[in-house]
Amino acid sequence: MSSITLETHADRSKMEVSEEVAIEIRGMNKWYGAFHVLRDIDLTVYQGERIVIAGPSGSGKSTLIRCINRLEEHQEGQIIVDGTELTSDLKNVDKVRSEVGMVFQHFNLFPHLTILENCTLAPIWVRKTPRKEAEEIAMHFLEKVKIPEQAHKYPGMLSGGQQQRVAIARSLCMRPRIMLFDEPTSALDPEMIKEVLETMVELAEEGMTMLCVTHEMGFAKEVANRVIFMDAGQIVEQNEPNEFFNNPQNERTKLFLSQIL
Amino acid sequence: MSDMSYVRSEMLPERAPPASSVGIVGWARQNLFNGVGNSILTVLALILLWIVVSRLVPWFFSPTWNSASLNECREIVGTGHGHGGGGACWGVIRDRWQQLLFGFYPEAERWRTVLAFALLFVALIPVLFNMISRRMNWVLLLAVLGLAALYLGGALGIIVGLALIAAAGFVGFKALSTSKEDRAAEIEAGAKRLPNPLIFSAIFPFVAPWLLWGGSIWLPIGAALGFVVGYIAFRYLTPIVGSLAGLIIAVLATVIWWLVLTGGFASIMSSIIPIGLEPVESRNFGGFMLSITIGVVAIACSLPIGIVLALGRQSDLLIVKALCVGFIEFIRGVPLITLLFVASTLLNIFMPPGTNFDIILRVLIMVTLFAAAYMAEVIRGGLAALPTGQYEAADALGLDYWKAQRLIIMPQALKISIPGIVSTFIGVFKDTVLVSIIGLLDPLGLTNAIRADVAWNGLVWELYGFIAFMFFVFCFSMSRYSMYLERRLRTDHR
């Protein structure tokens, strides 16, 4: 797989990791029917960390981050996000979801609403922000992802890269403390991957806690402070990026890296 | 294979297409005379069309409008083939059109049905279209009410009517004389806006039955108060007992109000302030007025019920799901006529003796439930067509189930289902003629009565043609409206 070279080099000095725990996963197991997708996951994410999760398809990496905002339910173990444990209590689930932003592979913008309405919907209906204020916040983030001029168009009129940047802006409008990225660039043309990655780099430089499932190893080297490699539903290896790419330990990791780099 | 390399030195300019492929000639070549077989078919179709039109037009334009009986028609157009001779016998329509429209509704009270029909449009416009302004909606309402008052006459009627029409003219003049942008600027600057015309759309369901059935005005007001009671209960109990319990109590309060207290409220109030219209009994309802009443109620109620059923069918709650599936499958598995027979005869057996459960009300409930079951399946199709990503995105933003349904899922699912929904509407409207089987006098039921008259005995085409035409007007309008709506809601263009 070819990875895109980023033009802007991320400024690592800006990206500090605090001692504060953002996400705590302990002994988590998940099954789809009888199929054991996630096995004994233990993971602690600190505030300000940028974690890239890599692994072959079917290894459970998407499922893992979808468990963090309970788009998937886990059956065993604990997931504590920002001090709130995810259980079947819907109030906690909604609280966590409004604190955690998510960006999907296929953008999942709402096609019947304009870009601006996509961005203001959740702040207005979940956060009860007055419409005017929500629109100002939305325009602020649309400017940040560099598409304020598209605000009154519909998603179907935008390119894939633009749509994904709108999706990022839409999540940011909820002022999340944590962002989850589920293969944000996998459905994009190479030319558009770069604009989305650059937006993500900027976000990292502002100290956002990020978990990214991605195949963009260039992004991992440049931005991540930790790379997690998963296979067959378990965390096989994790390390800081330099060590991970130059000195992998597990055979499975070595094989994977030899195939994609 | 000597040299594969090629470099274009200049880009080609755009050229106009060849003349034979554009314009009328191009269109005809492509669509009418595209090959020998198609040319033959085109010519044959034109000949057939000519034969039909050349027979139909003389039949249609026959000078029989003023004839008083079929025999008189025959004297005018002569006897030829067919019942009316060489031409149509339109006298029957002139003689009986009022009956076809109103059934046996008392003549002096017919203005009420016309007013209800006109108000139906005033109520529907803000719901169906967004092309006329808020102020024009109020102009329409004032004008309709003013005309009704003028028609009723009397000194009071004329004064009120003129006042209303003057008010309509004033608001209308102001609305037309200020442009959209100026108005927007005025509102920005704090000008008072007229109330939302949807307020009238919400009142109309209470006004219309009162106009049609008459009786004391306090009954529809009491019925409307039921919703107020429910709302108050919901508003003030929810913080105390939680939203689900609050909702259940609110619904119970509303139902109790309707079943137990409304009657008392209405009779007390009408003994204090007696305002009312001459009551008209359901058995006098008939003609298109009956069809439209049943059709409009069934259409308006089946959509929300269908949405709830479709959501229930997709629910994770086992009992809710089982109830919805059971209801839908049962209703869809039974012919409408069976349900109508149940409404007309069987229900009486279960009612306590002496209960007067209005026959039209019973039919309305049955037709609505029937339409709702079909509607639920149409909407389920729309829901199934939505990518799961939409649900996930709504969830991930922290929207709860009802907000996600209302803001994200339903707008899209309904948009996808528009053709199916409107087909169901049209089907329901046409199915209203089935009520003639249980003795209600819809237009088809009335044709039998008209043809039993000695003067018109033997007429078929003119009556059924007229009824078909009327139905066509309504159904075709609905079909065109659905196409308009699809165009308006199309946002996926690139």
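Residue numbering restarts at 1 for every chain, and letters A, B, ... go by the order of the sequence lines.
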Listed partners of A:Asp182 passing side chain to side chain donor-acceptor pair (under 3.5 Å), at least two apart: A:Ser62
Top contributor to chain B contacts, counting heavy-atom pairs under 4.5 Å, from A:His106, A:Arg127, A:Arg97: A:Arg97
Minimum-distance pair of heavy atoms, taken over all atoms of A:Pro111 and B:Gln412: CG-OE1, 3.2 Å
Output a table of donor-acceptor pairs, distance under 3.5 Å, between side-chain atoms of residues 164-176 of chain A and any protein atom two or more places apart or on a different chain; print 'none' if there are none.
from, atom 1, to, atom 2, distance (Å)
A:Gln164, NE2, A:Phe104, O, 2.7
A:Gln164, NE2, A:Pro184, O, 2.8
A:Arg165, NE, A:Glu195, OE2, 3.3
A:Arg165, NH1, A:Val145, O, 2.9
A:Arg165, NH2, A:Glu195, OE2, 2.9
A:Arg170, NH1, A:Asn108, O, 3.2
A:Arg170, NH1, A:Asn118, OD1, 3.3
A:Arg170, NH2, A:Asn108, O, 3.0
A:Ser171, OG, A:Met102, O, 3.1
A:Ser171, OG, A:Ala167, O, 3.4

Contacting moiety of A:His112, where chain B heavy atoms sit under 4.5 Å: both
B:Arg488 CZ: over 12 foreign heavy atoms closer than 6.0 Å: yes
More than 12 heavy atoms from other groups under 6.0 Å of OH on A:Tyr46: no
Positions in residues 381-391 of chain B that reach chain A, provided some heavy atom is under 4.5 Å away: B:Gly389, B:Gln390
Part of A:Val93 within contact of chain B (heavy atom distance under 4.5 Å): neither
Residue, of B:Pro411, B:Ala394, B:Ala396, that accumulates the most heavy atom pairs under 4.5 Å with chain A: B:Ala396
Residue pair A:Asp94 / B:Asp400, side-chain heavy-atom distance below 4.5 Å: yes
Distance (rounded to the nearest 0.5 Å) between B:Asp395 CG and A:Arg70 CZ: 11.5 Å
B:Lys403 NZ: over 12 foreign heavy atoms closer than 6.0 Å: yes
Proximal component of A:Leu90, with respect to chain B [non-hydrogen, under 4.5 Å]: neither
Pairwise distance CD1(B:Ile408) to CG(A:Leu121) - rounded to 0.5 angstrom: 4.5 Å
B:Tyr231, OH: over 12 other non-hydrogen atoms inside 6.0 angstrom: no
Exceeds 12 heavy-atom contacts within 6.0 angstrom, atom CZ of B:Phe129: yes
Side chain to side chain donor-acceptor pair (under 3.5 Å) against A:Arg66, all qualifying residues, sequence neighbours excluded: A:Glu72, B:Glu392
